[in-house]
Enquirer: 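This is the structure I have questions about; it appears just below.
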Amino acid sequence: DGGITQSPKYLFRKEGQNVTLSCEQNLNHDAMYWYRQDPGQGLRLIYYSQIVNDFQKGDIAEGYSVSREKKESFPLTVTSAQKNPTAFYLCASSDSGGRGRKNIQYFGAGTRLSVL
Amino acid sequence: GQSLEQPSEVTAVEGAIVQINCTYQTSGFYGLSWYQQHDGGAPTFLSYNALDGLEETGRFSSFLSRSDSYGYLLLQELQMKDSASYFCAVFSPWGNTPLVFGKGTRLSVIA
């Protein structure tokens, strides 16, 4: 089955610790995205990548880092510089998009990060 | 900047029809999408409008008016399982982010 796999489902971070959230897709999509969702809020874009070895900051990139070494993988690191990391993190992928294409995003099941 | 406005909560009766509105301000516009998210789950794509008019997919329909920067999602024959959050999202290639989401409308379907 094609889809997006995020792991772990739950993650706990200690003060001063960096943690990495995994995102893998087998949909052969060029573009991948990381969103943060806080309770009762919409999705805010952290980083996105439209091609391997390239990525762009979204609206709330501070305190986060990403890499895109393979088309299938787009891990997100929450660094110690992110002072309020408790949230639900969603990874998504899509075709590249463009005029005439829908940019339908397919989401993983999410990782819920909490601070100890 | 880019912004989308949608009501935060809507309540409707099972079997009824409900409309969720979305107004947007963006620098460039390709289309308006709608996503559904159940509590604790992942958003799933519902519909997309690039041109003015109505798109119908089963019990769900979505409408767009580009001149008014306005769209809506229409849910008919409401079922309890439709209780979820619904997000409109603008696909715009000229902003910092390709897809900008509204804050979501929480729909509660009651018996």
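By convention in this document, chain letters (A, B, ...) are assigned in the order of the sequence lines, proteins followed by strands, and residues within each chain are numbered from 1.
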Enquirer: Does CD in B/Q79 sit with more than 12 non-hydrogen atoms of other residues, nucleotides or ligands closer than 6.0 Å?
Expert: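 Above 12, so yes.
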Enquirer: Are B/M80 and B/V10 joined in one hydrophobic group, where the rule is that I, L, V, M, F, W and Y side chains link up if heavy atoms are under 4.5 Å apart?
Expert: yes
Enquirer: Side-chain heavy atoms nearer than 4.5 Å, only ILVMFWY residues, links allowed to pass through others: does that put A/I60 and A/M32 together?
Expert: yes
Enquirer: Ignoring hydrogens and angles, tell me if any N or O in the side chain of B/Y35 forms a donor-acceptor pair with the backbone of A/Q105 under 3.5 Å.
Expert: yes
Enquirer: Is A/Y35 in contact with chain B via its backbone, its side chain, both, or neither, using a 4.5 Å heavy-atom distance?
Expert: side chain
Enquirer: Please round to the nearest 0.5 Å and tell me the distance separating atom OH of A/Y33 and atom CG of B/L99.
Expert: 7.0 Å
Enquirer: Evaluate the criterion ring-ring contact (aromatic ring centres under 6.0 Å, His included) for residue pair A/F107 and B/F45; output intermediate values, then yes/no.
Expert: CA-CA 9 Å; A/F107 287 83; B/F45 172 80; over 10 Å; no
Enquirer: Please report the closest heavy-atom contact between B/A42 and A/G108, naming both atoms and the distance.
Expert: CB-O, 3.0 Å
Enquirer: May I ask you to name which of B/G104, B/G31, B/P43 has the most heavy-atom pairs under 4.5 Å with chain A?
Expert: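 Between B/G104, B/G31, B/P43, the count favours B/P43.
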Enquirer: If you define the side chain from C-beta out and look only at heavy atoms, does anything of B/Q37 sit under 4.5 Å from A/L90?
Expert: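 A side-chain contact under 4.5 Å exists here.
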Enquirer: Does a sphere of radius 6.0 Å around CD in A/Q17 hold more than 12 heavy atoms from other residues, nucleotides or ligands, not counting ones at 6.0 Å or beyond?
Expert: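 Yes - once you tally the heavy atoms of other residues, nucleotides and ligands closer than 6.0 Å, there are more than 12.
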Enquirer: I need the full list of disulfide bond (SG atoms under 2.5 Å apart) pairs touching residues 29-64 of chain A, with sequence neighbours left out, sorted by first then second residue.
Expert: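 Counting only pairs at least two positions apart or across chains, no disulfide bond (SG atoms under 2.5 Å apart) contact touches residues 29-64 of chain A.
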Enquirer: So for A/R112, is it side chain, backbone, both, or neither that comes closer than 4.5 Å to the heavy atoms of chain B?
Expert: side chain
Enquirer: Under 4.5 Å between any side-chain heavy atoms of A/I104 and B/S33, yes or no?
Expert: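 No - every pair of side-chain heavy atoms lies 4.5 Å or more apart.
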Enquirer: Do you know the tightest heavy-atom contact between B/F87 and A/Q37?
Expert: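 For B/F87 and A/Q37, the tightest heavy-atom pair comes out as CZ-NE2, 3.5 Å.
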Enquirer: According to a 4.5 Å side-chain heavy-atom criterion applied to Ile, Leu, Val, Met, Phe, Trp and Tyr, with indirect links allowed, do A/V66 and A/L21 form part of one hydrophobic cluster?
Expert: yes
Enquirer: Quick check: is A/Y48 connected to A/Y64 through a chain of hydrophobic side chains (ILVMFWY, heavy atoms under 4.5 Å apart)?
Expert: no
Enquirer: Would one find more than 12 heavy atoms of other residues, nucleotides or ligands at under 6.0 Å from atom CG of B/L54?
Expert: yes
Enquirer: Checking A/Q6 against chain B: side chain, backbone, both or neither under 4.5 Å from a heavy atom?
Expert: neither
